[in-house]
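Here is how names work: the chains are called A, B, and so on, in the same order as the sequence lines, proteins then strands, and each is numbered from 1.
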2 protein chains.
Amino acid sequence: MWCVETAAETRQERKARTRRAILAAALDIADEQSLAALSLRQVTREVGIVPTAFYRHFASVEQLGLALVDESFASLREMIRDVRRGNPELHGVIRGSVGVLVEHVHDQRAHFRFIGRERFGGVPAVRTAIRHELELFERELATDLARLSDLDAWTSEDLRVLANLIVNAMVSTAEGIISAPPEQPDAERAIIRTAEKQLRMIVVGAANWRSS
Amino acid sequence: MWCVETAAETRQERKARTRRAILAAALDIADEQSLAALSLRQVTREVGIVPTAFYRHFASVEQLGLALVDESFASLREMIRDVRRGNPELHGVIRGSVGVLVEHVHDQRAHFRFIGRERFGGVPAVRTAIRHELELFERELATDLARLSDLDAWTSEDLRVLANLIVNAMVSTAEGIISAPPEQPDAERAIIRTAEKQLRMIVVGAANWRSS
DNA sequence: CCTTTGAGTGAACAACCGTACACTCAAACC
DNA sequence: GGTTTGAGTGTACGGTTGTTCACTCAAAGG
């Protein structure tokens with residue numbers, strides 16, 4: 001089982017490497033096509049392996065898609081950890097959160113793109129997986145919100161509704177940034193301003209909301 | 001040019017009919033696949049014509065997609081007309097608007113599904129066409145909002161931001177209704193409740209917003 | 001050291017794809 | 001009434017797809 005570490009790759013390292021290569025290639029292709037229109041052969045061609053070798057790693061393209069969902073939401077969770085680190089002052093928390101979002105969208109562009117596209121895309125299993133993950137994410141946000149001083153009297157349903165509103169606004173923001181003309185900072189800055197204003201509007205609404 | 005009206009179809013009537021049949025078939029197929037993964041042959045097979053006949057009506061599947069975008073937003077504009085007809089009382093306007101939305105989503109289900117799926121789908125031209133239409137829609141809503149008494153002092157930018165927030169929430173609501181388990185009224189009613197609450201939160205936020 | 005394992009190979013398949021081209025034949029036109 | 005037009009036909013083509021099957025051959029294991 002255990003061998004002395006040699007310079008050459010161990011067998012499972014090698015396998016893990018091509019698996020990651022497949023995921024990367026698929027994500028790369030899915031940036032301009034949708035997952036449903038992506039062919040197994042296209043992926044293996046880009047990886048540099050023969051089509052049939054694909055099955056050593058995934059039973060189908062659908063399974064590949066589910067793995068990509070996992071991968072994407074792992075990086076998303078990393079993002080929310082960064083947000084939690086921010087200072088809890090109101091004005092700062094808004095600008096900071098949007099900033100973290102924008103930053104993560106930039107260097108996890110492919111993941112966000114994938115989620116945005118496949119959320120309502122052609123592969124049902126992937127669709128429901130994303131919906132489920134997004135729901136978990138929303139629930140997490142709701143419990144975070146519950147800890148804020150102004151919102152501790154809210155019902156859990158109202159918190160969920162608020163979290164849903166925020167998540168939707170943020171998802172739209174992310175999708176806007178992704179499909180904005182690349183590296184034209186004006187359009188992007190406008191989107192960021194909009195996002196910040198919307199969050200502030202939502203917060204103002206929340207502050208004046210009396211839970212029924 | 002002009003002939004006496006006979007029982008048989010005129011030539012252009014016939015052409016228009018198969019064109020509509022193509023659009024309907026494509027919309028039907030796109031309900032479970034995405035447009036990018038839809039084949040010309042699949043469509044013509046469902047219509048009952050030979051593949052090459054497709055080109056008499058559309059130069060490509062992309063053009064078909066753009067036609068579908070037009071068709072879909074035509075019905076959406078019809079919806080907004082219905083909303084304008086509603087009474088302007090605050091509580092009523094929210095419940096009424098959500099009601100109209102839900103109703104239209106139900107009997108234009110395929111159109112809404114198509115827009116939701118292709119908004120970030122695999123065909124760039126269709127994507128940008130939808131984005132453009134949605135932007136027009138948003139602008140219309142902003143001018144509608146400007147007529148409300150509480151909002152007449154707002155800057156046009158703030159109105160656009162507010163309209164964007166509302167449209168995003170409504171789009172999410174529509175997508176939620178579409179992908180809710182069909183004809184299970186509980187899930188759908190929960191979505192409707194959420195949508196109404198979110199609109200109310202946004203309105204509360206707007207009411208307490210001082211335009212900068 | 002010999003055996004087992006399993007990631008990757010390579011050829012072959014049936015099915016489907018988009019599109020080119022020459023055609024029919026009834027309605028539209030002069 | 002003869003001619004033109006154009007929606008729809010039928011065949012055929014080269015290319016891509018998913019999946020099968022028997023295979024190699026180096027690392028892992030006893």
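The stretch residues 26-36 of chain B participates, sequence neighbours left out, in these salt bridge (charged side-chain N to carboxylate O under 4.0 Å, His left out) pairs: B/D31-B/R113. Sorted by first and then second residue, the salt bridge (charged side-chain N to carboxylate O under 4.0 Å, His left out) pairs involving residues 124-135 of chain A (not counting sequence neighbours) are A/R77-A/E133, A/E135-A/R139. Listed by first and then second residue, the ring-ring contact (aromatic ring centres under 6.0 Å, His included) pairs that reach into residues 18-65 of chain B are B/F54-B/F58, sequence neighbours excluded.
Distance, A/E9 CD to D/dA26 P: 16 Å, rounded to whole Å. The nearest whole Å value for the distance from the CZ atom in A/R11 to the P atom in D/dA26 is 11 Å. If you measure from atom CZ of B/R14 to atom P of D/dG8, you get 6 Å, rounded to the nearest angstrom. The distance between atom CD of A/Q42 and atom P of C/dC17, rounded to the nearest whole Å, is 17 Å. Per the geometry, CD belonging to B/E13 stands 14 Å off C1' belonging to C/dA28, to the nearest Å.
Looking at residues 43-68 of chain B, you'll see B/I49, B/V50, B/T52, B/A53, B/R56, B/H57 sit with a heavy atom under 4.0 Å from some atom of DNA chain D. Less than 4.0 Å separates DNA chain D from at least one heavy atom of each of the following residues of residues 22-41 of chain A: A/S39, A/L40, A/R41.
Between A/D158 and the choices B/R193, B/K197, B/R200, the salt bridge (Lys or Arg N to Asp or Glu O under 4.0 Å) rule is met once, by B/K197.
Residues passing the salt bridge (charged side-chain N to carboxylate O under 4.0 Å, His left out) test with B/R19: none are found, sequence neighbours excluded. A search for salt bridge (charged side-chain N to carboxylate O under 4.0 Å, His left out) contacts involving B/E196 returns B/R95, not counting sequence neighbours. The side-chain contact (heavy atoms from CB on, under 4.5 Å) test applied to A/R17 returns A/E9, A/R14, A/R20, not counting sequence neighbours. Applying the side-chain hydrogen bond (donor to acceptor under 3.5 Å, both in side chains) test to A/R45 and every residue at least two apart in sequence or in another chain returns nothing. Legend: residues meeting side-chain contact (heavy atoms from CB on, under 4.5 Å) with A/A53, ordered by chain and number and at least two apart, are A/I49, A/V50. Qualifying side-chain contact (heavy atoms from CB on, under 4.5 Å) partners for A/A21, counting only residues two or more places apart in sequence or in other chains: A/V47.
Contact of the B/M170 side chain with the B/L199 side chain is registered, since non-hydrogen atoms from C-beta on lie closer than 4.5 Å.
Helical stems of DNA chain C (runs of at least 3 Watson-Crick or G-U pairs, donor-acceptor distances under 3.5 Å) are listed by first residue: C:1-30 with D:1-30.
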